[in-house]
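First the structure, in the form of structure tokens, and then the observations on it.
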Amino acid sequence: MKNKIRQPIVTVCGHVDHGKTSVLDCLRGSCIQESEAGGITQKISFTSYPISQLKTICPLIEKSGIKLTIPGFLFIDTPGHLAFSNLRKRGGGLADLAVLVLDITEGIKPQTAEVLKILKLNKTPFLIALNKIDKISGWRYPQHTIGDHVKQKEVENNSSEKSKTPLQKSIESQPQNIKQIFDEKYYSLIGSLNSYGFDADLFYNINDFTKKIALIPCSAKTGEGIQELILMLCGLSQRYLTDKLTLGTEAKGIVLEIKKEKTTNYIEAILYDGALSKKNEIAIAGLGLENNSAECCEPIITKIRVLEEIKPLSQKFRPVENVSASTGLRMQIVSKKNLLPGMPFIEYKGNKEEIKKIFKKEISEIAPVQKQGIIVKTDSLGSLEALLMILKQSNIPVVKAGIGSVNKTDIISAKANFKIDKLNALIVGFNVSVDQDAKEIRDNIKILTDKVIYKLIEDTIEFRKQKQNEMEKQRLGGLTTLCKLKILPQYVFRNTKPAIFGVNIEYGKIIPYLNLIDQSGEKINKIKNIQSENKSVERATENMEVAISVPGVNFERQLKDAKFLYSDISASQFKNFKKNKDLLTNNEMKILQEIAEIKRKQNSGWGI
């Protein structure tokens with residue numbers, strides 16, 4: 001007996017307005033997109049797509065001769081932000097396959113770049129739906145395609161649907177000027193994808209799909225290319241995923257959303273493996289939020305009061321006694337404990353300790369381990385992991401992380417950071433609010449919040465950069481200026497009262513009132529004035545040739561045989577420089593060493 005194969009889970013992701021939901025609507029024959037606020041997906045929705053319906057809407061499957069054993073697809077339409085692109089299960093990304101929807105006229109946007117990073121991190125195979133080809137001015141498309149409002153039965157009964165113009169032929173038959181515009185956008189996108197480490201090409205140009213990302217030009221508005229998109233999903237799933245789709249014996253899933261009505265919890269979730277019965281108990285992972293950190297605590301054990309499954313090609317649920325993966329669920333559970341979105345659940349068979357170990361391992365992989373760093377709060381486990389991953393890529397350490405609003409405890413922790421390192425006195429919140437009592441005691445603690453993750457990362461990097469500059473300025477304020485000057489004896493403009501002569505700044509910089517010594521350690525006076533090209537300047541930097549005036553010096557008597565001048569610093573100033581050597585350039589370090597050697601000729605213990 002052959003092992004049962006589950007539906008591949010396909011995440012449809014991309015920038016907020018590039019047409020993810022519209023592409024799915026075209027498949028469903030619905031117009032959900034128009035009913036959503038602002039035309040942007042407000043929550044995750046899933047669509048179960050049986051193989052029989054796929055074959056009906058896509059005659060190319062039969063024509064291609066592909067023998068399908070997969071029972072269909074479970075599509076997940078996600079909001080544009082990164083949290084939902086990072087739906088996770090133990091051992092990798094939740095999605096078996098992803099469709100990245102790109103607007104061909106706009107290319108890669110910041111949120112698209114985020115999704116690409118997540119897909120690469122999770123090693124999720126994906127293809128690209130190059131949407132909105134109809135927006136290319138003058139584009140000619142075949143009449144017999146799946147339109148926005150073509151209903152499923154109409155497609156089934158329309159025999160002319162079987163003789164649709166293949167996408168490749170349509171592209172190649174475009175007028176030359178239109179084809180040129182298409183090619184420019186297509187080649188530009190290939191170049192952009194290459195910069196992210198992906199080799200891509202139009203699907204009909206690819207022989208080995210394990211080495212290149214397939215681009216499928218399409219239009220959710222006219223339906224052109226949608227058949228080819230379905231065909232590619234079927235072909236790639238059948239060829240490369242079937243070994244990974246064997247149905248397990250244990251029910252496993254992910255909580256997507258929690259809805260509360262009075263005292264009842266309703267859970268919308270995805271069952272990604274195994275089979276679940278209404279009679280089963282489930283264990284849902286919990287977080288130890290009492291100490292505001294991402295640590296696994298006691299799992300929530302609960303019975304299922306109501307079990308419902310998503311209907312095929314619908315957003316409505318139907319009551320069921322049993323379900324098999326992969327599918328979308330809605331459950332009413334008995335437990336009244338607080339649940340968090342993004343948490344894994346598993347069938348409970350009295351094996352509490354084993355389940356605790358499984359959940360602990362999964363959650364501990366997400367929790368930060370740095371001894372110092374900023375504080376992070378997010379709205380779900382998926383967004384927490386995504387944010388931590390990008391912060392790590394940006395070399396920003398995290399000492400504490402949790403799910404929920406920014407609260408009083410977070411402020412207290414940040415104030416403790418302020419005493420250790422002001423750079424880490426920062427709270428970063430993704431899609432969360434700030435409690436009133438936290439606002440009242442925040443004082444000098446910076447709180448950055450945003451609903452767009454790439455903007456939050458940019459703001460965090462910019463804040464830390466500004467704070468670093470402020471701190472360096474404060475530290476530099478306590479340090480004198482370092483320099484090594486080469487005397488230019490051919491440019492002596494005045495011998496004394498004051499001596500005015502030319503110098504080349506070999507290393508460092510000079511400012512007025514800087515004390516100087518010569519190469520033998522003899523003290524010279526302060527620089528009174530600096531001139532460059534007959535104009536007084538407040539500072540002169542490396543490689544500049546300038547004239548300096550030094551009062552109380554007779555050039556002929558004191559400097560005639562001198563070749564170099566240096567900053568005159570005390571032993572305590574030298575030690576201070578050594579403590580702050582991270583602020584010094586390599587050349588400034590050389591100057592410091594030379595000054596130490598000069599000073600130690602007169603006092604061997606100087607600066608030690």
Side-chain angles (χ1 to χ4, degrees), residues 465-466 468-603 606-607:
K465 185 179 178 182
Q466 288 179 2
Q468 183 74 44
N469 289 339
E470 286 175 18
M471 291 163 61
E472 287 182 2
K473 282 180 181 178
Q474 288 176 357
R475 288 164 64 191
L476 283 168
L479 302 175
T480 188
T481 302
L482 290 175
C483 72
K484 178 181 180 180
L485 311 178
K486 183 179 181 180
I487 295 173
L488 304 175
Q490 68 272 36
Y491 296 112
V492 178
F493 304 104
R494 189 167 181 169
N495 188 55
T496 189
K497 295 183 181 180
I500 301 175
F501 54 95
V503 293
N504 174 268
I505 303 165
E506 289 210 339
Y507 299 133
K509 61 187 176 184
I510 58 173
I511 57 174
Y513 307 107
L514 178 67
N515 284 307
L516 299 174
I517 58 172
D518 63 17
Q519 71 262 34
S520 61
E522 290 297 319
K523 290 184 179 291
I524 312 299
N525 214 339
K526 294 178 181 179
I527 296 173
K528 184 179 181 181
N529 190 29
I530 307 167
Q531 282 199 351
S532 176
E533 297 180 355
N534 297 318
K535 290 182 180 179
S536 292
V537 292
E538 289 301 310
R539 56 183 285 168
T541 55
E542 222 161 87
N543 298 321
M544 287 179 68
E545 289 191 355
V546 295
I548 60 173
S549 64
V550 183
V553 170
N554 186 303
F555 186 90
E556 187 69 24
R557 291 178 185 173
Q558 295 172 262
L559 297 176
K560 183 180 179 182
D561 298 323
K563 290 185 178 180
F564 297 102
L565 299 175
Y566 294 86
S567 302
D568 185 16
I569 62 174
S570 65
S572 61
Q573 286 175 322
F574 176 77
K575 290 176 181 178
N576 202 14
F577 271 117
K578 286 183 72 176
K579 287 179 185 177
N580 295 279
K581 60 184 179 182
D582 59 302
L583 300 178
L584 304 180
T585 64
N586 289 335
N587 286 342
E588 285 173 331
M589 288 296 293
K590 288 179 184 177
I591 300 169
L592 204 60
Q593 186 61 37
E594 289 183 25
I595 292 172
E597 289 172 0
I598 291 168
K599 293 282 187 179
R600 285 169 189 163
K601 287 177 182 178
Q602 298 174 344
N603 178 2
W606 185 88

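All of these numbers come straight from a predicted model, not from anything done at the bench.
- A donor-acceptor distance shorter than 3.5 angstrom exists from the side chain of Q573 to the backbone of S570, with no hydrogens or angles considered.
- For N587, the side-chain hydrogen bond (donor to acceptor under 3.5 Å, both in side chains) partners at least two apart in sequence or on another chain are E542.
- Put simply, CD on E522 and CG on L559 are 11.0 Å apart, with the number rounded to the nearest 0.5 Å.
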For this session: Take L565 and I524 through the test side-chain contact (heavy atoms from CB on, under 4.5 Å) and record every step on the way to the result.
Result: CA-CA 9 Å; L565 299 175; I524 312 299; 4.2 Å; yes
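- Note that CD of Q519 and CD1 of I595 are 13.0 Å apart. Values are rounded to the nearest 0.5 Å.
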Side-chain donor-acceptor contacts of residues 482-506 below 3.5 Å, not counting sequence neighbours, with atom names and distances?
residue: K484; atom: NZ; partner: E594; partner atom: OE1; Å: 3.1
residue: R494; atom: NE; partner: T496; partner atom: O; Å: 3.3
residue: R494; atom: NH2; partner: K497; partner atom: O; Å: 3.0
residue: N495; atom: OD1; partner: E556; partner atom: N; Å: 2.8
residue: N495; atom: ND2; partner: N554; partner atom: OD1; Å: 3.0
residue: T496; atom: OG1; partner: V553; partner atom: O; Å: 3.1

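- The shortest non-hydrogen separation linking L584 to M589 is CD1-SD, 3.6 Å.
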Problem set entry | Worked verdict on S567 versus L514 for side-chain contact (heavy atoms from CB on, under 4.5 Å) | CA-CA 7 Å; S567 302; L514 178 67; 4.0 Å; yes
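- Heavy atoms only, all atoms of each residue included: P551 and S549 are closest at CD-O, 3.9 Å.
- Here the straight-line distance linking atom CD of E597 with atom CH2 of W606 works out to 11.0 Å at 0.5 Å rounding.
- Listed by first and then second residue, the salt bridge (charged side-chain N to carboxylate O under 4.0 Å, His left out) pairs involving residues 563-573 are K523-D568, D568-K599 (not counting sequence neighbours).
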For this session: Would you sort out whether I569 and L592 count as a side-chain contact (heavy atoms from CB on, under 4.5 Å), showing the intermediate values?
Result: CA-CA 9 Å; I569 62 174; L592 204 60; 3.8 Å; yes
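- Listed by first and then second residue, the ring pair (Phe, Tyr, Trp, His ring centres under 6.0 Å) pairs involving residues 512-554 amount to none (not counting sequence neighbours).
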Please list, one pair per line, the donor and acceptor atoms closer than 3.5 Å that link side chains of residues 527-539 to other protein atoms, with sequence neighbours excluded.
residue: N529; atom: ND2; partner: S536; partner atom: OG; Å: 3.4

Exercise. Please walk me through it: do E588 and Y507 pass side-chain contact (heavy atoms from CB on, under 4.5 Å)?
Worked result: CA-CA 7 Å; E588 285 173 331; Y507 299 133; over 6 Å; no
